[in-house]
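The structure appears below as structure tokens.
Not measured: the values here are computed from a predicted model. Only heavy atoms go into these numbers, but all of them, side chains included; no hydrogens, no water, no symmetry mates.
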Amino acid sequence: MTRVAVNGVTGQMGGAVIEAATDSEVVVGFATSDTDAVDGVPVVRPEDAAEALREYDVDVVVDFAVPEGALTVADACVEAGVPMVVGTTGFDEDGMARLKDASESIPLLKATNFSQGIQVLQRLVREAVGTLDEYDLELMETHHNRKVDAPSGTANSILDVIQEERDVEPVYGREGHAPREDDEIGVFARRAGDIRGEHELVLAGNDEVLSLSHRAEDRGVFAAGALDAATWLVGRDAGWYDFSEVVDA
Ligand SMILES: NC(=O)C1=CN([C@@H]2O[C@H](COP(=O)(O)OP(=O)(O)OC[C@H]3O[C@@H](n4cnc5c(N)ncnc54)[C@H](O)[C@@H]3O)[C@@H](O)[C@H]2O)C=CC1
Ligand SMILES: O=C(O)C1=N[C@H](C(=O)O)C[C@H](O)C1
């Protein structure tokens with residue numbers, strides 16, 4: 001059974017990973033809160049992660065925390081030689097560079113969204129944007145009112161796919177009085193309630209509208225995908241891996 005450490009273990013996703021871990025065992029968690037344990041899982045401070053990875057004989061780390069915390073634990077994974085699955089979003093360029101550096105030493109798999117549906121949505125987006133190349137594009141995401149990064153990592157990943165197919169300039173929200181430029185893509189982030197994660201791309205033109213959308217109904221979908229990625233990652237060579245490789249395995 002794969003021995004998993006969860007970074008961000010006291011958070012919403014940390015709890016979801018513990019709940020979803022049936023074929024894996026969560027043996028330790030990392031968080032900054034003062035809690036000693038959550039659901040029977042011992043909680044260790046991130047600065048002590050390297051020692052804990054050895055003490056608890058961890059096979060792989062699953063991370064759903066904050067960028068600063070993910071980078072602290074990535075350093076610990078490099079020190080201890082433990083693979084890492086990164087689910088935290090909101091990294092800046094320097095943070096992404098530090099994760100890439102870590103993947104020189106350990107197997108590291110990062111995904112902004114561990115649902116299989118979003119993987120398929122991204123493939124549909126690439127096909128639709130490449131085919132309907134004159135249509136106006138608008139992108140919207142909706143999440144719970146605790147989310148601190150906007151747009152979502154998933155929305156940014158969808159934008160990356162779109163910009164591989166077409167030269168578009170994101171316009172983040174709109175206000176004032178100005179015409180829509182042809183090369184714009186409106187990007188909107190809504191925050192309300194405990195919405196798990198909704199993403200929609202609208203393609204409009206030629207007297208028709210195509211809407212491609214995904215809705216996560218439970219955080220368990222992300223937890224299950226991350227645990228599948230974790231089991232898949234153990235035993236691989238150091239390097240940078242993508243969740244699409246797990247979905248297609
Ligand atoms: N890739 C994916 O499929 C998904 C990614 N996420 C991302 O996961 C992250 C966490 O989301 P939630 O669980 O909803 O957030 P949350 O706020 O409920 O939990 C965050 C956790 O990180 C911990 N934390 C804070 N500072 C830390 C540090 N320096 N070191 C270690 N842990 C620290 C907190 O104590 C808490 O346990 C966010 O970036 C979110 O966007 C969320 C769902 C799915
Ligand atoms: O914060 C969340 O909850 C989520 N964050 C991820 C993102 O930023 O895309 C993935 C998912 O949408 C849930």
- line: Rounding to 0.5 Å, atoms CE (M1) and OG (S24) come to a distance of 7.0 Å
query: What's the spacing between I162 CD1 and Q122 CD if we round to 0.5 Å?
result: 10.0 Å
message: Are more than 12 heavy atoms, taken from residues, nucleotides or ligands other than E93, located less than 6.0 Å from that residue's CD atom?
response: no
query: With the threshold set at 4.0 Å, does a side-chain nitrogen-carboxylate oxygen contact exist between D133 and R166?
result: no
field: Within-4.5 Å side-chain heavy-atom neighbours: L108 and V86
entry: yes
- request: Say whether, by atom type as modelled, one donor and one acceptor occur between the side chain of D63 and the main chain of T88 under 3.5 angstrom.
  value: yes
- request: For side-chain hydrogen bond (donor to acceptor under 3.5 Å, both in side chains), just list the numbers for D149 and T89, CA-CA rounded to whole Å, side-chain angles, deciding distance to a tenth of an Å, and then say yes or no.
  value: CA-CA 8 Å; D149 57 317; T89 60; 2.7 Å; yes
CD/E55: more than 12 non-hydrogen atoms of other groups inside 6.0 Å: yes
message: Would you say that V38 contacts I18 through its side chain, given a criterion of any heavy-atom pair below 4.5 Å between the two side chains?
response: yes
query: Are any side-chain N or O atoms of D242 and backbone N or O atoms of S244, one a donor and one an acceptor, separated by less than 3.5 Å?
result: yes
task: Report yes if the side chains of I106 and M84 come closer than 4.5 Å at any heavy-atom pair, otherwise no.
output: yes
- request: Might you point out which heavy atoms bring C77 and V61 nearest each other, and give the distance in Å?
  value: SG-CG2, 3.5 Å
- prompt: Under 3.5 Å, is there a donor-acceptor pair between the side chain of Q163 and the main chain of D160?
  reply: no
message: When you measure from the side chain of R219 to the backbone of A16, do you find a donor-acceptor pair of N or O atoms at a distance under 3.5 Å?
response: no
statement: Smallest heavy-atom separation, G29 atom then V41 atom, equals N-CG1, 3.7 Å
message: Could you check whether any side-chain heavy atom of L121 comes within less than 4.5 Å of a side-chain heavy atom of L212, counting everything from C-beta outward?
response: yes
message: Check this for me: D34, atom CG, are more than 12 non-hydrogen atoms of other residues, nucleotides or ligands nearer than 6.0 Å?
response: no
task: Could you please spell out the steps behind the side-chain hydrogen bond (donor to acceptor under 3.5 Å, both in side chains) verdict for S157 and T112?
output: CA-CA 7 Å; S157 295; T112 55; 2.7 Å; yes
message: Taking atom CD as the centre, does E134 end up with more than 12 heavy-atom neighbours from other residues, nucleotides or ligands that are less than 6.0 angstrom away?
response: no
task: Could you tell me whether R98 and D92 make a salt bridge, using a distance below 4.0 angstrom between a side-chain N and a carboxylate O?
output: no
message: Quick check on N145: does its CG atom have over 12 non-hydrogen neighbours (other residues, nucleotides or ligands) under 6.0 Å away?
response: yes
message: Contact between L201 and S211 at the side-chain level, heavy atoms closer than 4.5 Å - yes or no?
response: no
Residue pair L210 / V202, side-chain heavy-atom distance below 4.5 Å: no
- prompt: Are V66 and F64 grouped together when hydrophobic residues (ILVMFWY) are joined by side-chain heavy atoms under 4.5 angstrom apart?
  reply: no
message: Strictly below 4.0 Å, N to O, side chains only: are R180 and E138 in salt-bridge contact?
response: yes
message: Under a 4.0 Å threshold between the charged nitrogen and the carboxylate oxygen, would E165 count as salt-bridged to R126?
response: yes
- prompt: So, E141 and R191, do they make that salt bridge, N to O below 4.0 Å?
  reply: yes
- request: In sequence, state the C-alpha distance, the side-chain angles, and the governing distance for L203 and D136, and then conclude on side chain to side chain contact (heavy atoms under 4.5 Å, CB included).
  value: CA-CA 6 Å; L203 303 92; D136 294 338; over 6 Å; no
- request: Heavy atoms only: give me the nearest A80-A50 pair and the separation to one decimal.
  value: CB-O, 4.2 Å
statement: side-chain contact (heavy atoms from CB on, under 4.5 Å) with F30: of N7, D48, V6, V43, only one passes, and it is N7
message: With a 4.5 Å cut-off on side-chain heavy-atom distances among I, L, V, M, F, W and Y, is there a chain of contacts connecting L227 to M13?
response: yes
message: Grouping I, L, V, M, F, W and Y whenever their side-chain heavy atoms are under 4.5 Å apart, do I195 and I158 come out in a common cluster?
response: no
Pairwise side-chain contact, V171 with V187, heavy-atom cut-off 4.5 Å (strictly under): no
message: Closer than 3.5 angstrom, by distance alone: can the side chain of D59 be matched with the main-chain N or O of R3 as a donor-acceptor pair?
response: yes
- prompt: OG1 of T32 to CD of E47: how many Å apart, nearest 0.5 Å?
  reply: 9.0 Å
task: Verify the cluster assignment for V44 and V62: are they in a single hydrophobic cluster under the rule of side-chain heavy atoms below 4.5 Å apart?
output: no
task: Answer whether the closest heavy-atom distance between the side chains of V120 and V247 falls below 4.5 Å.
output: no
message: With a sphere of 6.0 Å drawn around CD of Q12, does it hold more than 12 non-hydrogen atoms of other residues, nucleotides or ligands?
response: yes
query: Any chance CZ of R174 has more than 12 other-residue heavy atoms, nucleotides or ligands included, within less than 6.0 Å?
result: yes
query: Distance from M140 atom CE to R190 atom CZ, nearest 0.5 Å?
result: 4.0 Å
task: Show your working on side chain to side chain contact (heavy atoms under 4.5 Å, CB included) between K110 and L99 and close with a plain yes or no.
output: CA-CA 9 Å; K110 181 179 184 298; L99 290 177; 3.9 Å; yes
- request: Check the pair H199 / S213 against side-chain hydrogen bond (donor to acceptor under 3.5 Å, both in side chains), numbers first and verdict last.
  value: CA-CA 5 Å; H199 294 85; S213 67; over 6 Å; no
message: On a heavy-atom basis, which atom in S152 and which in H143 lie closest, and how many Å separate them?
response: CB-CE1, 3.5 Å
field: Check: D218 side chain, G220 main-chain N or O, donor-acceptor pair, under 3.5 Å
entry: yes
query: Counting heavy atoms not belonging to E200, are there more than 12 under 6.0 Å from its CD?
result: yes
- line: Sorted by chain and number, sequence neighbours left out, ring pair (Phe, Tyr, Trp, His ring centres under 6.0 Å) with F243 holds for F114
query: Are K100 and W240 in a cation-pi setup, meaning NZ or CZ lies under 6.0 angstrom from the ring centre and within 45 degrees of the ring axis?
result: yes
Y241: ring pair (Phe, Tyr, Trp, His ring centres under 6.0 Å) partners, not counting sequence neighbours: W232
message: Tell me the closest heavy-atom pair linking F91 and A70, and the distance in Å.
response: CZ-CB, 3.6 Å
- request: Enter the distance from D248:CG to E245:CD here, rounded to the nearest 0.5 Å.
  value: 8.5 Å
message: Applying a strict under-4.5 Å side-chain criterion to I, L, V, M, F, W and Y, I'd like to know whether V4 and V27 cluster together.
response: no
query: If you round to the nearest 0.5 Å, how far is CZ of R123 from CD1 of I118?
result: 12.0 Å
- prompt: For S33, what residues pass the side chain to side chain donor-acceptor pair (under 3.5 Å) criterion, not counting sequence neighbours?
  reply: T10
Where A226 and V85 come nearest, the two heavy atoms and their spacing: O-CG1, 4.1 Å
